[in-house]
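Below, chain A is the first sequence line, B the second, and so on; all start at residue 1. Side chains are part of it too, since the values below use all heavy atoms of this structure and drop only hydrogens, waters and symmetry mates.
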2 protein chains.
Amino acid sequence: MNRRNTPTKEAVLNLLMNSRKALSQDAIERQLDIEINRATIYRVLNRFCEDGIVHKIVAEDGKQYFAICKKCENPQEVIQPHFHFRCLSCDTIECLQVPVECSVPNGYEVQNANCVLTGTCNDCS
Amino acid sequence: MNRRNTPTKEAVLNLLMNSRKALSQDAIERQLDIEINRATIYRVLNRFCEDGIVHKIVAEDGKQYFAICKKCENPQEVIQPHFHFRCLSCDTIECLQVPVECSVPNGYEVQNANCVLTGTCNDCS
DNA sequence: GTATTATTGCAACTTATTCGCAATAAAATA
DNA sequence: TATTTTATTGCGAATAAGTTGCAATAATAC
Ligand SMILES: [Mn+2]
Ligand SMILES: [Mn+2]
Ligand SMILES: [Zn+2]
Ligand SMILES: [Zn+2]
């Protein structure tokens, strides 16, 4: 399935690239200048994920957040799982450059990790 | 607000205590012999959380899972955050006895952690 | 310029969780 | 034990996040 360039795709990608934070669908919709349908935003984001341009974080609020990480600059390279930090005060999520290291019991095989610390960020403390 | 003993409370607590895994609301409802309303199960679980008897894990499927951990035997003691493992094959979550250690940038304060590794468990690999 | 098909918008749907409210039943009190 | 108090429950409705079917639109290839 070949990908096409569209204003929507551009706009969402720009937002994510210029954001220091991971963004949720509604945050993206709010911050966009052009109006884009909710379902479309999700579809664009999921495509980015499939293509390895973006990664998805699920927070304890049950919502999905999307971020471009440093490593994503080079999509060839596999993004290694890292911690995320969610500030309860300003309700933003950011990638920490701390890799997740956790030894699992024998016979267990780790494929992915979703790790989110919560608390107060520097701006809010 | 004083807590009362009810068959519902007992049943749910028993299930959790005898389960090696963290359970979601629907898993609990399925496994119970007595019929308990969905909303009630959530309320019971949330009360357990408030009381420190149970802790909640949110997985990347966006669902809440509830577990009694070793440390919870002594509710006085604060449960230290630990990793969890979700098996994509048998769709269960269990507590790993691996504490979450992650250094955060200056000025950041960690209050809680929600860390879930995904993959295949020993039974399923 | 035309054909192909990826992308979009819309509305409807699903699934998880919560909430209001009246009925029920623990536990405290008389 | 009978009565009172109020925590707990069940029900239905509401909320919220995310997905899906479908027809219309518009990139891209030819
Ligand atoms: Mn990240
Ligand atoms: Mn646990
Ligand atoms: Zn903050
Ligand atoms: Zn398994």
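For the helix from C/dG1-D/dC30 to C/dA30-D/dT1, the end axes, each set by the C1' atoms of five terminal pairs, are bent relative to each other by 30° (nearest 10°).
Counting distance only, with no hydrogens placed and no angle test, the side-chain atoms of B/Arg43 and the base atoms of C/dT18 include no donor-acceptor pair under 3.5 Å.
Using a 4.5 Å cut-off between side-chain heavy atoms of Ile, Leu, Val, Met, Phe, Trp and Tyr, with links allowed through other members, A/Val12 and A/Tyr42 fall into different hydrophobic clusters. Hydrophobic clustering, with ILVMFWY side chains joined whenever heavy atoms are under 4.5 angstrom apart, keeps B/Tyr65 apart from B/Met17.
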Q: Step by step, work out the salt bridge (Lys or Arg N to Asp or Glu O under 4.0 Å) result for A/Arg38 and A/Asp26.
A: CA-CA 8 Å; A/Arg38 185 168 31 117; A/Asp26 59 289; over 6 Å; no
Q: Go through the steps for A/Gln25 and A/Ile41 under the test side chain to side chain contact (heavy atoms under 4.5 Å, CB included), then give the verdict.
A: CA-CA 7 Å; A/Gln25 177 278 319; A/Ile41 295 178; 3.8 Å; yes
Q) Which is it for A/Asn122 and B/Asn106 under the side chain to side chain contact (heavy atoms under 4.5 Å, CB included) test, yes or no, and what are the steps along the way? A) CA-CA 7 Å; A/Asn122 189 37; B/Asn106 259 350; 5.9 Å; no
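Of the residues listed (B/Leu117, B/Asp61, B/Ile57, B/Thr92), the one engaging B/Arg86 in a side-chain contact (heavy atoms from CB on, under 4.5 Å) is B/Asp61, and it is the only one.
Read 5' to 3', the first and last nucleotides of DNA chain D with an atom closer than 4.0 Å to a heavy atom of chain A are D/dA17 to D/dT28.
At a threshold of 4.0 angstrom between heavy atoms, the contacts of A/Asp26 with the nucleic acid are absent. Using a 4.0 Å heavy-atom criterion, one finds that B/Asn2 contacts the sugar-phosphate atoms exclusively. Note on B/Thr40: a base of the nucleic acid sits closer than 4.0 angstrom, heavy atoms only. At the heavy-atom level, B/Ser24 lies nowhere under 4.0 Å from the strands shown. Among the heavy atoms of the strands, none lies under 4.0 Å from B/Asp61.
In this structure, of C/dT8, C/dT18, C/dA11, it is C/dT18 that holds the atom nearest to the side chain of B/Arg38. Of all nucleotides listed (C/dT18, C/dT4, C/dT8), C/dT18 comes nearest to the side chain of B/Tyr42. For B/Arg4, whose side chain is taken as the heavy atoms from C-beta onward, the closest listed nucleotide among C/dA26, C/dT4, C/dT18 is C/dA26.
We find that CG of A/Asn46 is positioned 16 Å from C1' of C/dA6, with the value rounded to whole Å. Remark: C1' of C/dT17 and OH of B/Tyr65 are 14 Å apart, rounded to the nearest angstrom. The interatomic distance linking A/Leu32 (CG) with C/dG9 (P) rounds to 11 Å, in whole Å. Residue B/Arg47 contributes atom CZ, which lies 13 Å from atom P of C/dT18 at whole-angstrom precision. Atoms CD (A/Gln64) and C1' (C/dA16) sit 13 Å apart, rounded to a whole Å. Atom CD of A/Glu29 is separated from atom P of C/dC10 by 11 Å (rounded to the nearest Å).
Classification of B/Arg3 and B/Glu50 as a salt-bridged pair holds, one side-chain N sitting under 4.0 Å from a carboxylate O.
Of the possible polar contacts, none joining the B/Asp51 side chain to the B/Ile53 backbone as a donor-acceptor pair under 3.5 Å is found.
Of the two residues near DNA chain C, B/Pro7 and B/Lys56, the one whose nearest nucleotide lies more 5' is B/Lys56. Residue-to-nucleotide proximity on DNA chain C shows that, of B/Lys63 and A/Glu35, the 5′-proximal contact is made by A/Glu35.
Ring-centre distance between B/Phe85 and A/Tyr108: below the 6.0 Å cut-off.
Between A/His55 and A/His84, the ring planes lie tilted relative to each other; the angle falls in the 30° to 60° range.
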